[in-house]
Amino acid sequence: MIKKFLAIATALGALNSQADIEIVDGHKMLESVNKQIININTEELGKILNEDPNTVLIDVRSPSELKYTGTIGRGQNVNIVRGWLEFQIAEHVKSKDTPIVVYCGKNLRSPLAAKTLENMGYTNVKNYAEGYFAWKEEMNPIKMLDFEPSSVLYRLPEEVAEGVYSAIGATQPYTYENSNHNNNLSFIVTTNGVLVFNAGGSYLVAKALHEEIKKVTNQRVKYVVLENSQGHAILGSNYWKEQGAIIVAHTEADKEIKHKGEDIYMRSLRVQKDKFIGTKVVRPDLTFEEKLNLPMGNTQIELMHIGASHSPDDIQLWLPEQKLLISGDTAFNQRMLPIFPHTNAAAWIETWDKIEALEPEIIIPGHGDPTDLATITKFTKDYLVFLREEVEKILDDDGGLYEAYNIDQSAYRDWGTYNELHKQNAERIFKQMEFE
């Protein structure tokens with residue numbers, strides 16, 4: 001028995017010695033690699049990203065790390081896990097001389113990633129040696145995949161004005177990580193009940209929002225207003241119906257839910273999977289076309305359809321006493337708006353006059369943080385005007401769709417959803433204007 005114990009101890013000692021050697025060798029290899037590559041600091045990275053929109057910034061950490069710590073919030077940023085770099089780099093970098101910067105958390109994996117890319121023939125590669133945590137500590141822009149990993153909600157509600165709260169959604173496409181909470185879910189507490197603006201993107205999202213409402217008030221939710229017929233606005237409606245709430249929507253939203261509700265459900269189910277448990281499509285109880293007043297206790301609430309915008313069924317909520325507008329998808333902040341096949345961009349620009357006429361002091365947009373009129377104008381009307389003007393120049397020069405795809409939109413590259421939407425928006429504006 002003693003001999004067996006000594007043999008095991010000797011073997012373990014040998015393994016530990018080997019591990020120590022490997023750690024030392026690893027550090028030596030890292031030190032050697034760092035001497036062979038170009039390393040940059042935080043100031044240099046910021047300058048590169050500001051001056052060169054074509055730079056591809058690659059976070060080589062795993063998605064699970066990004067979920068809890070976030071990633072650099074710049075438009076050039078993509079995530080390619082270190083172990084998949086050789087297989088996926090071509091999806092993001094089309095030319096061997098494209099400027100590339102790689103980084104990780106603490107400069108352990110990224111030097112090796114930079115050297116790997118150089119060995120593959122990429123000629124303009126740099127390593128951000130200070131790493132993500134240095135970037136974050138200096139209060140530079142970051143993007144969180146999920147602000148509240150312990151909650152189904154992407155972010156918990158915060159009070160925007162007296163009695164008005166909003167849970168701000170991700171300024172990203174809907175994903176499993178953000179639980180289809182990529183729009184703003186708001187609620188108003190009155191002396192005679194609660195009104196919720198947007199049902200949420202699933203039964204579980206609606207239930208999670210309700211749990212947060214209960215922390216603020218014990219009053220029941222009387223109305224749930226749907227900003228339009230998109231999945232993240234409507235798919236929590238059956239939860240609220242179970243609570244006895246009245247679901248309110250525009251007449252066009254009701255038609256869309258009736259005819260396309262199953263398709264809307266299936267698109268979200270494919271992404272949300274198990275998070276979609278309990279979710280069912282239900283139609284609204286109350287619809288309107290132009291205006292609906294909903295006085296609740298001492299609070300005057302006005303629902304409006306002020307004109308064409310993002311979708312034909314978009315509605316807004318106006319609190320005249322507080323001069324607060326919950327705009328729905330008529331207004332955007334911090335992310336790029338989408339142009340759908342049914343979006344009338346010219347009419348959307350005309351609708352803006354009605355928003356300005358309200359003279360709102362606080363705006364909770366469909367996407368992004370609560371803000372002011374000047375900010376939503378920049379992210380909404382000004383972007384639409386820019387894109388239409390650029391397409392008009394192309395048409396005047398007898399250009400085509402290829403030129404539209406290549407409109408320089410790099411000034412907007414740091415906006416959320418830029419990578420997913422900017423070329424699609426140019427295409428759809430071009431097709432709309434081609435036969436005007």
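With a 6.0 Å radius and a threshold of 12 heavy atoms from other residues, nucleotides or ligands, K258 has its NZ atom at or below the threshold. For K222, the NZ atom sits in a packed shell: over 12 heavy atoms of surrounding residues, nucleotides or ligands are nearer than 6.0 Å. Remark: E91 CD is packed, more than 12 non-hydrogen atoms of other residues, nucleotides or ligands lying under 6.0 Å away. No more than 12 heavy atoms of other residues, nucleotides or ligands sit less than 6.0 Å from atom CG of N298. Surrounding NZ of K280 are at most 12 heavy atoms belonging to other residues, nucleotides or ligands under 6.0 Å away.
Here the rule is side chain to side chain contact (heavy atoms under 4.5 Å, CB included) with L286, and of D254, L292, I247 only L292 fits it.
Side chain to side chain, T299 and T190 fail the donor-acceptor criterion of an N or O pair below 3.5 Å. Judged by distance alone, the side chains of N79 and D59 never bring a donor and an acceptor atom under 3.5 Å apart. For the residue pair D146/N178, the side-chain donor-acceptor check at 3.5 Å is not satisfied. No hydrogens or angles considered: nothing links the side chains of Y165 and E212 as a donor-acceptor pair under 3.5 Å. With hydrogens and angles left out, the side-chain atoms of Y412 and H422 include no donor and acceptor closer than 3.5 Å. In summary, the side chains of S237 and R283 do not present any donor paired with an acceptor at a separation below 3.5 Å, with no hydrogens or angles considered. In this model, a donor atom of one side chain and an acceptor atom of the other lie less than 3.5 Å apart for E242 and Y203.
Scanning both residues, L153 and P157, for their nearest heavy atoms gives CD1-CD, 4.3 Å. Among all heavy-atom pairs drawn from L337 and N425, the shortest one is O-ND2, 2.8 Å. K275 and L204 get closest at one heavy-atom pair: O-CD1, 3.4 Å. Here the closest heavy-atom approach between residue A113 and residue V60 is recorded as CB-CG1, 3.9 Å. T71 and R61 get closest at one heavy-atom pair: CA-NH2, 4.0 Å. G70 and M144 make their closest contact through CA-SD, 3.5 Å (heavy atoms, listed as atom of the first residue, atom of the second, distance).
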Can V102 and L57 be said to form a side-chain contact (heavy atoms from CB on, under 4.5 Å), step by step? CA-CA 6 Å; V102 294; L57 179 64; over 6 Å; no
Does H367 form a ring pair (Phe, Tyr, Trp, His ring centres under 6.0 Å) with H232? I'd like the steps, not just the answer. CA-CA 11 Å; H367 300 265; H232 55 206; 5.5 Å; yes
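Salt-bridge check for K291 with E302: passed, with a basic side-chain N closer than 4.0 Å to an acidic carboxylate O.
F276 places a side-chain heavy atom less than 4.5 Å from the side chain of L235. L195 has its side chain within reach of L294: a pair of non-hydrogen atoms, C-beta onward, lies under 4.5 Å apart.
A cation-pi arrangement, defined by a distance under 6.0 Å to the six-membered ring centre and an angle within 45 degrees of its axis, is present between K96 and Y122.
Between the side chain of S186 and the main chain of F197, no donor-acceptor pair closer than 3.5 Å is present. Between the N293 side chain and the Q300 main chain, no donor and acceptor come within less than 3.5 Å of each other. Side chain of D408 to main chain of S410: a donor-acceptor pair is present (N/O by atom type, distance under 3.5 Å, no hydrogens or angles).
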